[in-house]
*Asks:* 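What follows is a structure written as structure tokens; I'll ask about it next.
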Amino acid sequence: MAQDYKQTLNLPKDDFTIPMRANLPEQEPKWQQHWNQMDLYRLMQEKAAPKGAFVLHDGPPYSNGDIHMGHALNKVLKDVIIRFRRLQGYRSPYVPGWDNHGMPIENAVSQQFIQQGKTADRVALREACRAYAKRFVDIQREQFRQLGCVGDWDRPYLTMEYGFEACIVRVFGELVQKGYIYRDMRAVLWCPTCETALAEAEVEYEEKTSDSIYLRFPLLEDSKGVLSGLQNPYIVIWTTTPWTIPANMAVAVHPDFNYQVVQVDSQNACYLLVDSLVEATMSAVGIEDYRVVKNFKGRELEGIQFKHPLFERASPVVLANYVLSDEGTGVVHTAPGHGAEDFATGKRYNLTILSPVDGKGVFTDEAGEFAGLKIMPEGNKRIIERLQEVGHLMKHETYQHNYPHCWRCDSPLMFRTTVQWFMSIDHDLHRERSLEAIDQVKWFPEESRNRITAMVRNRPDWCISRQRAWGVGIPAFFCENCEGALVTPESVEAVAAVIEREGSDVWYSKPASEILPPGTQCSHCGAGEFRKETDVLDVWFDSGSTHRAVLETRPELTWPSDLYFEGSDQHRGWFNSSLMIGIATKGASPFRSVVTHGFVLDGDGRKMSKSEGNTILPKDIMRASGADVLRLWTASVEYFEDVRYSDEILKYVVDAYRQIRNTMRFMLGNLYDFMPDVRVPYDQLPELDRWMLARLQEFLKTSLRAYDSYEFHRFYQAARQLCNVDLSAFYLDVLKDRLYASAPNDPARRAAQTVMFDMTSVICRLFAPFLVHTMEEVWTRLPMPDKPQSVHLADFPEPQPQWENEALLNLWSQRREARDIVNRKVEEAKNEKRIPNPQSACAKIAADPTYYDLLSPLGDDLPRLFGISQAELTPGAQSGLEVEVVPAEGVKCARCWLVLPDVGSSPAFPDLCGRCAKVIEAIS
RNA sequence: GGGCGCAUAGCUCAGUCGGUAGAGCGCACCCCUGAUAAGGGUGAGGUCAUUGGUUCGAAUCCAAUUGUGCCCA
């Protein structure tokens, strides 16, 4: 009976391999618990590290909300890196961190207070922010752990920890000490209702109806005589914010535009404006009898002094590249106190920065006759009236446009110039030294270097102050007597010391006198009464200090780090801020290399956004498919660029996961009676097996190279090729007869097992950084005494030069071409119903001399190569192979299922082939 | 508007010095039922985003355009 013979075959055994169905969502938490119990992270750190330390410094995510796909991509790849470095023999500590201070949390917490109808003072607000941040640290930490990421999760770094906050203060102190810090004016968007500066993210652009006016500035002084001979020349400007006219300090023209003077006889006046807008402007102001009398390049006008239309002061012509030639008059009213571009121009021309408006949007005494008026609408109205009275208003109408509004109270915003703190980027050749440091850093991908170089080369000084509550207070004091600033090494250290003990809230809860050393005197006037600065530091200053607060304080870490690994937006963000602080305080870059990854887009390549409804959360993927599948996805994509994610894409990754898993499962199932003591030495392996090892060697080298260059997708592609094509479709398929039908201890079977063991062992360890749970399961099944208790404590496989064999690779790739030819013929025969299946086929092959030499050495194994029962090889073909597929003669062997002529040749076993009869005799 | 990228088969990726476009998956059809919610075979699939240029010859080099992403204004 056939059933009886099945027991005599060496079929793969389920008890010795992994289950076909992974059921990852259920299994993964068990593995994670297992690792927690053995304290895997500690064991990884304690393992001998012959190559020394490899420190990846974690960029802190913001502690707000669930983790999104960008976080998942980032953290998984970091985890892969610290794991493979560990496997390579490095000690690779991972201290995760969070960025806690900042506007989003402050705003969320403020909203909560508002909804509850409560008002909070600064200390109460900050306490609530701290609690909020902590809650999301816990939520995100749990999600990162579910992704399978290992690290010192019990001792992460938090930028709101007292020690960290003290470090930030000290870093600021060092910058002061070295002369990097200064105070200056800067235009900020300001909400007159909330009385606060707004960050760009808090600004909403909405339609607004504004007053639109054309007005003229009379000529005051033209020392170079550029406009000589013209009657009553005026320059014409257009603005939609009449209230900024009192702050006007200049009129700007574009150096390259053509400007024209038009004479209007009916008004006995000449008007200067850009050529392309003469017609539109004259039409807008209702002048018909004009004629062009003169042309100028914008740059020729520089320095001509016009007179402010309302005040007795000059408004000179300045040059600016942002002037447009398709709107207004091509002459820009410049109020350095009320606009960012105007401010920059004002600085360039050393104009007075006048901002005669207070925090409530009311004109101050500096606005002269307008003092006390709200800028809108009263101020606008009065100014327009006054312009009319003095005769310089040329037109007034209303105008619809997008205008910045406060996201909270919806008020129209204004630009207001305020005093801010800055870090100089050019002090002490800082910029040059930063650029040199960038040159020394390794950037992956190399294009990254262009981006960071351009950023650093062009970046302005760093405005490090924010008018917010939830942050580290700028540790400066102001003299109550003379308003002089006090920032000395002693005062900064006094602040740092108290923050280190009690947290940065003390800056708000304690008076200056309890923080400063007794007897502190103002260096300007000698007075002893001080008040504290109320601004906080930009959160980029916090995160830019992580290398000081973390790398320098944790004994397991090093300064500088070996690697920063973040999204490409961090060129402007964390890479930049870390480098600025690193160069300024340590004279060197805090990272030796930087890898950047792209953003996660949806299946159509569009950005994921909540409003579009195309977001997918990692926790949902983990729940449905498992973390290992999500991790495998990160291996499948070329992440230096933006990557795509969709359910469809994940489906393909799930398929890939199954195929890899099944390949491993099959090999393990066939190793149930294998142990190292039955290994077959390399030189006694059949040629096919040595070919397989040559392929393994090739794969191994490709994979290690891919890991080293962080091009994990190359490893993924190579692994899929190996598993699907070389193993599943070819080697393992060919091997089945040898494995199943041979005597268990047949050297040929032991040889196959030897190769499968090496194969499994190598693939398992190479995939371990990605498929952390699955490969741990494989590892437990690997028949190997004295192995490390976790694959994550093993070593990466090393290339085996003795496996290398170029000649075998060539030989077998040609033999597989022959296999392809035969396969096509078998398929043909199948389709023509000449044979039902390959097992009943015999291939009659005539070969040219080349093919004959290639195939004849295989002898009886030739049909195995073709996956059929019989093959007859003869020389004599003109070229290539001539193949005829015919039904195999003989009977199907009841044991090995090959159709062979010698079935029944052994009288004792009439339904067995000769080979199977012999095997049965031997084992019984 | 500016800076830095990207665009090759349905999907994920290769493509060396410029020389007739490749892989795996998926798909279709077939086989197997001793890897079985597996496994094998065969096959179809591309105007290399578009346009122009350089060249004997362009996926590849140059320019512009379109789409898309990050950063900035």
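Letters go in sequence order (proteins before strands), and every chain restarts at 1. Owing to the predicted nature of the structure, the values given are computational and were not obtained by experimental measurement.
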*Asks:* Classify the ring geometry of A/Trp443 against A/Phe591: parallel below 30°, tilted from 30° to 60°, perpendicular beyond 60°.
*Replies:*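 Plane angle over 60°, so perpendicular.
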*Asks:* Categorize A/Cys723 for me: base, sugar-phosphate, or nothing, with a 4.0 angstrom heavy-atom threshold over every strand shown.
*Replies:*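 Nothing, no heavy atom under 4.0 Å.
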*Asks:* Which label fits A/Tyr645 and A/Trp633: parallel for a plane angle under 30°, tilted from 30 to 60°, or perpendicular past 60°?
*Replies:*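 Perpendicular.
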*Asks:* Measure the distance from NZ on A/Lys13 to P on B/A38 and round it to the nearest whole Å.
*Replies:*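 My rounded result for the distance is 23 Å.
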*Asks:* Under 4.0 Å, heavy atoms only, any strand: does A/Gly605 hit a base, just the sugar-phosphate, or nothing?
*Replies:*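 Here A/Gly605 touches the backbone only, sparing every base.
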*Asks:* Within this structure, what is the CD1-to-C1' distance between A/Ile660 and B/C25, rounded to whole angstrom?
*Replies:*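 About 11 Å, once rounded to whole Å.
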*Asks:* On a whole-Å scale, what distance lies between the C1' atoms belonging to B/G19 and B/U60?
*Replies:* 11 Å
*Asks:* Kindly assign one of parallel, tilted or perpendicular to the pair A/His254 and A/Phe257, based on the angle between their ring planes and the thresholds 30° and 60°.
*Replies:* parallel
*Asks:* Which part of the nucleic acid, if any, lies within reach of A/Lys607 when heavy atoms closer than 4.0 Å are counted: base, sugar-phosphate only, or nothing?
*Replies:* sugar-phosphate
*Asks:* Whole-Å distance between B/C4 P and A/Arg457 CZ?
*Replies:* 11 Å
*Asks:* Report the distance from atom CD of A/Glu698 to atom C1' of B/A23, rounded to the nearest whole Å.
*Replies:*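 Checked: the CD to C1' distance equals 14 Å.
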*Asks:* So what does A/Arg895 hit on the nucleic acid, given a heavy-atom distance under 4.0 Å: a base, only sugar-phosphate, or nothing?
*Replies:* base
*Asks:* Calculate the interatomic distance between A/Asp737 atom CG and B/G40 atom C1'; express it in whole Å.
*Replies:* 15 Å
*Asks:* Contact class for A/Met455 (heavy atom, under 4.0 Å): base, sugar-phosphate, or nothing?
*Replies:*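 A/Met455: backbone/sugar contact only, no base atoms under 4.0 Å.
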*Asks:* List the residues meeting side chain to side chain donor-acceptor pair (under 3.5 Å) with A/Thr240, not counting sequence neighbours, and say none if there are none.
*Replies:*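 For A/Thr240, no residue satisfies side chain to side chain donor-acceptor pair (under 3.5 Å) once neighbours in sequence are set aside.
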*Asks:* Kindly say whether A/Ile425 contributes a backbone atom to a donor-acceptor pair with the side chain of A/Asp461 at under 3.5 angstrom?
*Replies:*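 Yes; at least one donor-acceptor contact below 3.5 Å.
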*Asks:* When the P atoms of B/U16 and B/C30 are compared, how many Å lie between them, rounded to an integer?
*Replies:* 40 Å
*Asks:* Provide the distance between the two P atoms, one in B/C62 and one in B/A28, to the nearest whole Å.
*Replies:* 42 Å
*Asks:* May I ask you to say what A/Ala454 touches in the nucleic acid, namely base, sugar-phosphate or nothing, with a heavy-atom cut-off under 4.0 Å?
*Replies:*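 Counting heavy atoms under 4.0 Å across all strands, the contact made by A/Ala454 is with sugar-phosphate only.
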*Asks:* Produce a footprint string for nucleotides 9-14 of chain B: one letter per nucleotide, 5' end first; B if the base is under 4.0 Å from any protein heavy atom, S if only the sugar-phosphate is, - if neither.
*Replies:* -BSBSS
*Asks:* Which residues pass the side-chain contact (heavy atoms from CB on, under 4.5 Å) test with A/His713, not counting sequence neighbours?
*Replies:* A/Glu638, A/Glu711
*Asks:* Would you measure the distance from the P atom in B/C72 across to the matching atom in B/U50 and give it in whole Å?
*Replies:*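 Pairwise P distance, B/C72 against B/U50, rounds to 33 Å.
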*Asks:* Return the residues of residues 832-839 of chain A meeting this criterion: a heavy atom under 4.0 Å from some atom of RNA chain B. Order them by number, or give none.
*Replies:*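 Close to the strand are A/Pro836, A/Asn837, A/Pro838.
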*Asks:* Would you call the rings of A/Phe674 and A/Phe757 parallel, tilted or perpendicular if under 30° counts as parallel and over 60° as perpendicular?
*Replies:*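 Answer is tilted, since the angle falls between 30° and 60°.
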*Asks:* Dump the pairs, protein N or O against N or O of nucleotides 35-37 of chain B, anything under 3.5 Å, distances to one decimal.
*Replies:*
from  : atom 1 : to       : atom 2 : distance (Å)
B/A35 : OP2    : A/Tyr740 : OH     : 2.7
B/A35 : N7     : A/Lys736 : NZ     : 3.0
B/A35 : N6     : A/Ser728 : O      : 3.4
B/A35 : N6     : A/Ser728 : OG     : 2.9
B/A35 : N1     : A/Ser728 : OG     : 3.3
B/U36 : OP1    : A/Arg665 : NH2    : 2.5
B/A37 : N6     : A/Arg21  : NH1    : 3.3
B/A37 : N1     : A/Arg21  : NH1    : 2.3

*Asks:* Considering only the C1' atoms, how many Å lie between B/G26 and B/G10, rounded to the nearest integer?
*Replies:* 7 Å
*Asks:* For A/Glu341, answer base if it contacts any base atom (sugar-phosphate contacts may also be present), sugar-phosphate if it contacts only those atoms, and nothing otherwise; contact means non-hydrogen atoms under 4.0 Å.
*Replies:* sugar-phosphate
*Asks:* Salt bridge (Lys or Arg N to Asp or Glu O under 4.0 Å) with A/Glu446: which residues, sequence neighbours excluded?
*Replies:* A/Arg449
*Asks:* In whole Å, I'd like the distance from the CG atom of A/Leu324 to the P atom of B/G2.
*Replies:*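 Whole-Å distance recorded here is 12 Å.
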*Asks:* Under the rule syn = chi within 90° of 0, otherwise anti, which is B/G24?
*Replies:*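 Anti conformation for B/G24.
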*Asks:* For A/Ser703, what residues pass the side-chain contact (heavy atoms from CB on, under 4.5 Å) criterion, not counting sequence neighbours?
*Replies:*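 side-chain contact (heavy atoms from CB on, under 4.5 Å) check on A/Ser703 returns A/Phe699, A/Phe715, A/Leu766.
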*Asks:* For residues A/Tyr731 and A/Asp689, is any side-chain donor paired with an opposing acceptor at under 3.5 Å?
*Replies:*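 Yes - a donor-acceptor pair under 3.5 Å links their side chains.
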*Asks:* Tell me whether the side-chain N or O atoms of A/Arg451 pair up with the base of B/C71 as donor and acceptor below 3.5 Å, since no angle test is needed here.
*Replies:* no
*Asks:* Mind checking A/Val653 for me? I need base, sugar-phosphate or nothing, with any heavy atom below 4.0 Å counting as a touch.
*Replies:* nothing
*Asks:* Is A/Asp737 salt-bridged to A/Arg915, cutoff N-O under 4.0 Å?
*Replies:* yes
*Asks:* How long is the span from the NZ atom in A/Lys825 to the CD atom in A/Glu884, to the nearest 0.5 Å?
*Replies:*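 Nearest 0.5 Å value for the NZ-CD distance: 9.0 Å.
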*Asks:* I'd like to check the salt bridge (Lys or Arg N to Asp or Glu O under 4.0 Å) partners of A/Glu832; sequence neighbours left out, ordered by chain and number.
*Replies:*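 A/Glu832 satisfies salt bridge (Lys or Arg N to Asp or Glu O under 4.0 Å) with A/Arg834 only.
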*Asks:* Does the side chain of A/Asn823 get closer than 4.0 angstrom to OP1 or OP2 of B/U42 through an N or O atom?
*Replies:* yes
*Asks:* Which residues satisfy the side-chain contact (heavy atoms from CB on, under 4.5 Å) test with A/Ala743, sequence neighbours excluded?
*Replies:* A/Asn745, A/Asp746, A/Val919, A/Ile923
*Asks:* Where each residue is assigned the nucleotide of RNA chain B containing its nearest heavy atom, which of A/Phe599 and A/Asn831 is assigned the position nearer the 5′ end?
*Replies:*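 Its nearest nucleotide being more 5', the pick is A/Asn831.
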*Asks:* In whole Å, measure the gap between the C1' atoms of B/G24 and B/C61 for me.
*Replies:* 31 Å
*Asks:* Partners of A/Lys13 by salt bridge (Lys or Arg N to Asp or Glu O under 4.0 Å), sequence neighbours excluded?
*Replies:* none
*Asks:* Taking the same atom, C1', in B/G34 and in B/G39, what whole-Å distance lies between them?
*Replies:*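 Per the computed distance, 11 Å lies between those C1' atoms.
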*Asks:* Given the C1' atoms of B/C27 and B/G45, what is the spacing between them in whole Å?
*Replies:* 9 Å
*Asks:* Starting at the 5' end of RNA chain B, what dot-bracket string do you get if Watson-Crick and G-U pairs under 3.5 Å are bracketed, crossing pairs use [ ], other-strand pairs use | and unpaired bases use dots?
*Replies:* (((((((..((((.....[..)))).(((((.......))))).....(((((..]....)))))))))))).
*Asks:* In this structure, how many angstroms lie between the P atom of B/C31 and the CZ atom of A/Arg824, rounded?
*Replies:*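 Rounded to whole Å, this separation is 20 Å.
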*Asks:* Which residues pass the salt bridge (Lys or Arg N to Asp or Glu O under 4.0 Å) test with A/Glu698, not counting sequence neighbours?
*Replies:* A/Arg695
*Asks:* Can you tell me the distance, in whole Å, between the CH2 atom of A/Trp897 and the P atom of B/G40?
*Replies:* 17 Å
